[in-house]
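A quick write-up on the structure given underneath.
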There are 2 protein chains.
Amino acid sequence: MARDKERTKARIIDAVGGLLTRSGFRAVGVNAVAEAAGVDKVLIYRYFGGLAGLLETVADEPDLWPTVDAVLAEAGIDEGGRDHGGTLAEAVAPLLIAYMRLLGRRPAALEAVAWGVAEQNPLSDALARRRNEWGNDVAGRVFRGRKAPADRDIQAVLCVLLGAVDHLMALSRLGVSFNGIELGTDGGLGRIEDAVAVLVHGALGGVIPGADPGVRPGPG
Amino acid sequence: MARDKERTKARIIDAVGGLLTRSGFRAVGVNAVAEAAGVDKVLIYRYFGGLAGLLETVADEPDLWPTVDAVLAEAGIDEGGRDHGGTLAEAVAPLLIAYMRLLGRRPAALEAVAWGVAEQNPLSDALARRRNEWGNDVAGRVFRGRKAPADRDIQAVLCVLLGAVDHLMALSRLGVSFNGIELGTDGGLGRIEDAVAVLVHGALGGVIPGADPGVRPGPG
DNA sequence: ATCTGAAATCACCTATCAGTGATAAAGGCC
DNA sequence: GGCCTTTATCACTGATAGGTGATTTCAGAT
């Protein structure tokens, strides 16, 4: 039980996750991690080469970031990748909302996203790499078999929407308001979800659900 | 010339701006500000009650945040508030893009936005208050006389788009990529601008400029 | 039992930073 | 010129952080 190197490494990694969740990125230092893990801080240097190496290792932990399958499941999309026959917008909107909700339940991931905006750090850098593969994976599964409007930069549109979700969810964890909407409440986040759906349907095509036909974009 | 309290205060405030611009928020500490201003750090406590008070004062500086008039001017909208007769989307899209560009030219403001996401601090708190009035002011001028679709939460839609702009511009100052788009380059930001325009027109109504009619949202 | 190497700890150094009490210099005023 | 208030500086403390060399403890092999 005692004197198990792998177990000790795992405890250190877990300590980082707990610290991120409970106390935020600012609290993640060599001393604090060592104390939270109940080990000597020298081991962080020995086993991970320092705090930077430790954070990179943490970023590769599978439970830090929501998996593609988890997002698809949350969105109610068959993970087998079978096409549900809907339009692109009908697939993307629930996906973004599912991503939003999953992110909201992962304080450590939100913390990493938020601090990756403030300054580059080993955790957010490694996470950014993983997210890129993640995005490609999702895109590959969603775009397959669906017609995308060729006259719009879908990648850029998704970039904007993903950026918005990251930003607003990161702010929500602080319980602040943004543009008059309380992001710390379910009501506020619900409004954001609806707005995301409106934006997706408006930009990616298809009818906006529940929209008054009189104001729907059209040739008129 | 020497021994002028107001002048010294101004120098301290300027030092914060310069430090934000050149070295980032992390570098803004009592010691660094004092050194950059060429004064003793005790004066920060005496004149501003500490770093927090100083940052609140900085947030109220008119040149930190783009003024409403500057954004309207950048967007090519008459600052007198005269209506140009366009649709809501035709007014909002250039406004968001103007805001985006102005923000990109204000490293200190970007720094404040970015760190306000990471953690609450006196600078971002005070800035958030100012931004709220700012948003109300802009909204008041833009919505006046224009028909807004009643079936959509316009405030939430704008919240999402503003959040996206803040997020992507904050990332752009780090020169990173996001969702495969290089935000540090003019080309990447240009794609973001176009995407914002597409999203605005899609969600707020009106025809997307240059869009292929075949894929335009409609009853079909 | 004891030797050995891995695993883990201890004690210590240095740098940095926020904050404070005592002190010095400058300029108006008579 | 001498005095007093304002302005500004000096010198110090305490806390916290990252980082490292020397040392100890344990498990397994011989």
Side-chain angles (χ1 to χ4, degrees), chain A residues 1-20 22-59 111-112 115 118-126, chain B residues 1-20 22-59 111-112 115 118-126:
Chain A
M1 177 83 104
R3 288 240 150 200
D4 183 334
K5 183 172 171 178
E6 291 310 314
R7 189 183 173 82
T8 302
K9 285 167 78 171
R11 280 171 51 154
I12 293 173
I13 292 172
D14 287 349
V16 174
L19 224 45
L20 276 175
R22 285 193 313 279
S23 313
F25 187 86
R26 174 144 257 175
V28 178
V30 181
N31 295 296
V33 169
E35 190 186 342
V39 300
D40 196 279
K41 64 177 169 181
V42 175
L43 299 183
I44 294 173
Y45 295 97
R46 253 207 261 302
Y47 293 156
F48 302 97
L51 192 61
L54 173 56
L55 291 181
E56 282 169 21
T57 307
V58 168
E111 201 64 26
W115 282 84
E119 58 185 353
Q120 286 189 279
N121 63 64
L123 179 59
S124 59
D125 287 353
Chain B
M1 179 83 102
R3 291 245 147 193
D4 182 333
K5 182 173 172 179
E6 290 311 313
R7 189 182 174 82
T8 303
K9 284 168 78 171
R11 280 171 52 155
I12 293 173
I13 291 172
D14 287 350
V16 174
L19 223 46
L20 277 175
R22 288 192 313 278
S23 313
F25 187 85
R26 174 145 255 174
V28 178
V30 180
N31 296 297
V33 169
E35 190 185 344
V39 300
D40 194 278
K41 64 175 168 181
V42 174
L43 300 182
I44 294 172
Y45 295 97
R46 253 208 259 302
Y47 293 157
F48 302 98
L51 191 61
L54 172 56
L55 291 182
E56 281 169 22
T57 307
V58 168
E111 200 66 23
W115 282 83
E119 59 185 354
Q120 286 189 280
N121 64 62
L123 179 58
S124 59
D125 287 353

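In what follows, every heavy atom counts, from backbone to side chain, and hydrogens, waters and symmetry copies are set aside. In the text below, chain A, chain B and the rest are named by the order of the sequence lines, each starting its count at 1.
- A donor-acceptor contact shorter than 3.5 Å is absent between the side chain of B:Glu111 and the backbone of B:Gly24.
- Using a 4.0 Å cut-off, some side-chain N or O of A:Thr8 falls inside it from OP1 or OP2 of C:dA8.
- At least one side-chain heavy atom of B:Val42 sits under 4.5 Å from a side-chain heavy atom of B:Arg46.
- You won't find any donor-acceptor pair under 3.5 Å spanning the side chain of A:Arg3 and the base of C:dA8, going by distance alone.
- To the nearest 0.5 Å, the span separating NZ on B:Lys5 from CG on B:Leu43 amounts to 10.0 Å.
- Between B:Tyr47 atom OH and D:dT9 atom C1' there is a gap of 11 Å when expressed in whole angstrom units.
- Atom NZ in B:Lys5 sits about 17 Å away from atom C1' in C:dG28, given to the nearest Å.
- Between the CG atom of B:Asp4 and the P atom of C:dG28 there is a distance of 11 Å, given to the nearest Å.
- One interatomic measurement links the two molecules: CG of B:Leu43 to C1' of C:dG19, which rounds to 14 Å at whole-angstrom precision.
- A straight line from CZ of B:Arg11 to C1' of D:dA8 spans 12 Å, rounded to a whole angstrom.
- Atom CG of A:Leu55 is separated from atom C1' of D:dG18 by 14 Å (rounded to the nearest Å).
- Distance alone, capped at 3.5 Å, places no donor-acceptor pair between the A:Glu56 side chain and the A:Pro122 backbone.
- Taking atom CZ on B:Phe48 and atom C1' on C:dG19, their separation rounds to 17 Å, with Å as the unit.
- Straight-line distance from the CZ atom of A:Arg46 to the C1' atom of D:dA22: 11 Å, rounded to whole Å.
- Although no hydrogens or angles enter the test, the distance criterion places a donor-acceptor pair under 3.5 Å between the side chain of B:Thr57 and the main chain of B:Gly53.
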Discussion item. Across nucleotides 11-18 of chain C, 5' to 3', mark each nucleotide with B, S or - according to how protein heavy atoms within less than 4.0 Å reach it.
Written reply: ------SB
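- Considering A:Ile13, A:Val28, A:Val30 as possible partners of A:Leu54, the one that fulfils the side chain to side chain contact (heavy atoms under 4.5 Å, CB included) test is A:Ile13.
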